[in-house]
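Since the structure comes first, as structure tokens, the remarks are kept for the end.
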Amino acid sequence: MKIGFADWTGEELHFYTFQKKGSSLTLENISSIPHQGELEQSAVASLKTPGMSYLYLSLPSSFLSLRELEFPFADEKKISDTIAYELEGLLLGETSGYCIDHIVTSSSDTNSKVLAVCMEKTRLDAIIKTFTAAGLEPKVITSLDLRLSGNNYDRILEGQTQDKDIRANAAKEELVHPSINIRRGELSFTGDIDRLIKISNFSALLILVLLILFGVNLTLKYKILSREHNILISQVEGAFRSAFPEDTKVVDITRQFTSNVNILKNKKKVLSGIAPLDMLGRITDITNDLATL
């Protein structure tokens, strides 16, 4: 499986291509283009690599709104459920207008320190659409600057290294365990679901084709068996007419055959019950010995 990682530093756009075999990731290629300001579709498309299964995207930390928070608990689910309320008044505008993720920087049994990572949905949506239009829809959107800073707020503000090799190694680590994924909520990646739907539709179509073929096969078999049945019926009727020519009309061949056989059996019983010598003796008595045994 080939996985791409687009690393947007704000000044350059690096593209790392990894080959995944099992749990192993191997860096195959690094390409870069200088680019400042907002990304354009043509610039993104120029880095497209054939045969790529997924794309991860790293945004510069300058695109993100970062806030340090403390919680009186360590439960990750509780933090996720309440972090938007804790950010009320700390961001420009309503928190509902942001995609929010977080990194737990320290934790104990009773409290947690958290780095909240936020980005405006409108800007994030525009970036996603640019990459998607270029045929490179990102599955995960993270930031290498966070990983390279060790999730330290002060170090993030200082800026991070632009060395491509160092950032490529960080990208490899992000592919295994992303620091964040701000592609959430209504902007969540649905590519896997779309692929599943396509596979399901193809499977349904394949099943339909198989059912049609099965039906055609059954129809052909039925016609063949029906023809053989008619031939056998014709042969049986011919044999019946030969055995019982007095039956000119055949309505129910089974009943008629059974009835005729029973008649023959009864006649046989009558005839087999008369002894020939007794019959001749009676004839002799009647004819006054004109006929002798």
Side-chain angles (χ1 to χ4, degrees), residues 3 5-10 38-39 54-132 137-160 167 170-196:
I3 303 175
F5 195 108
D7 176 20
W8 189 5
T9 66
E38 295 299 324
L39 278 178
Y54 293 109
L55 173 74
Y56 284 58
L57 171 63
S58 169
L59 298 179
S61 59
S62 59
F63 285 19
L64 308 173
S65 295
L66 306 174
R67 300 291 185 273
E68 289 185 302
L69 303 173
E70 288 193 28
F71 291 86
F73 44 78
D75 186 88
E76 277 280 351
K77 188 176 186 307
K78 285 185 179 180
I79 294 174
S80 298
D81 292 340
T82 59
I83 193 168
Y85 301 104
E86 295 294 325
L87 287 168
E88 288 288 354
L90 300 179
L91 299 173
L92 294 176
E94 299 292 330
T95 56
S96 59
Y98 288 80
C99 285
I100 302 170
D101 200 356
H102 69 276
I103 300 171
V104 177
T105 55
S106 65
S107 177
S108 66
D109 294 336
T110 57
N111 70 333
S112 299
K113 288 185 177 182
V114 169
L115 179 64
V117 183
C118 318
M119 186 170 180
E120 301 93 332
K121 289 181 179 178
T122 52
R123 189 176 189 187
L124 182 61
D125 185 44
I127 292 172
I128 292 172
K129 287 179 178 177
T130 299
F131 275 82
T132 302
E137 183 180 3
K139 179 181 181 180
V140 173
I141 299 181
T142 183
S143 177
L144 291 183
D145 291 347
L146 300 182
R147 178 175 289 275
L148 291 169
S149 69
N151 303 321
N152 184 288
Y153 185 74
D154 294 330
R155 288 183 60 191
I156 294 172
L157 297 178
E158 292 172 3
Q160 299 304 315
R167 297 186 71 87
K172 182 177 180 180
E173 294 174 0
E174 281 291 305
L175 291 178
V176 179
H177 297 294
S179 301
I180 57 167
N181 180 16
I182 56 174
R183 189 164 187 189
R184 294 176 172 272
E186 63 266 33
L187 298 182
S188 294
F189 177 72
T190 60
D192 290 333
I193 297 175
D194 294 339
R195 291 184 188 186
L196 182 61

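For reference, positions follow the sequence shown, starting with 1.
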Going by side chain to side chain donor-acceptor pair (under 3.5 Å), name the residues that satisfy it together with S61, two or more places apart in sequence or in a different chain. D145

Suppose we screen for side chain to side chain donor-acceptor pair (under 3.5 Å). Which residues come up paired with S149, at least two apart in sequence or across chains?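 Listed in chain order: nothing, the list is empty.
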
Any side chain to side chain donor-acceptor pair (under 3.5 Å) involving residues 62-74? Give me the pairs, sequence neighbours left out, ordered by first then second residue.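 Qualifying pairs: none.
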
Residue pairs meeting side chain to side chain donor-acceptor pair (under 3.5 Å), one or both in residues 80-94, sequence neighbours left out, come to K77-D81, E88-T95

Using the salt bridge (charged side-chain N to carboxylate O under 4.0 Å, His left out) criterion, which residues pair with [X]? Sequence neighbours excluded.
| X | answer |
| --- | --- |
| R155 | none |
| D75 | none |
| K78 | none |

Check ring-ring contact (aromatic ring centres under 6.0 Å, His included) between Y56 and all other residues, then give those that pass, not counting sequence neighbours.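 Once residues adjacent in sequence are excluded, Y56 has no partner under the ring-ring contact (aromatic ring centres under 6.0 Å, His included) criterion.
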
Considering all heavy atoms, the nearest [X]-[Y] contact:
| X | Y | value |
| --- | --- | --- |
| F5 | L55 | N-CD1, 4.0 Å |
| T142 | E174 | OG1-OE1, 2.8 Å |
| R183 | K139 | CD-O, 4.3 Å |
| F63 | M119 | O-CG, 3.9 Å |

Show the atom names and distances, to 0.1 Å, of all donor-acceptor pairs under 3.5 Å that link a side chain in residues 111-118 to residues at least two apart or in another chain.
| residue | atom | partner | partner atom | Å |
| --- | --- | --- | --- | --- |
| N111 | OD1 | S108 | OG | 2.5 |
| S112 | OG | F73 | O | 2.8 |
| S112 | OG | S107 | OG | 3.4 |

Restricting to pairs with a member in residues 93-131, which pass ring pair (Phe, Tyr, Trp, His ring centres under 6.0 Å), not counting sequence neighbours?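 Sorted result for residues 93-131: empty, none.
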
How long is the straight-line distance from CZ of F189 back to CG of N181, given to the nearest 0.5 Å? 10.5 Å

Residues which pass side-chain contact (heavy atoms from CB on, under 4.5 Å) with R184, listed by chain and number, not counting sequence neighbours: D101

Using the side-chain contact (heavy atoms from CB on, under 4.5 Å) criterion, which residues pair with A170? Sequence neighbours excluded.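 By the side-chain contact (heavy atoms from CB on, under 4.5 Å) rule, A170 matches L144, R147, L148.
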
Is the backbone of D7 close enough, under 3.5 Å, to the side chain of R167 for a donor and an acceptor to pair up by distance?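 Such a contact is absent between R167 side chain and D7 backbone.
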
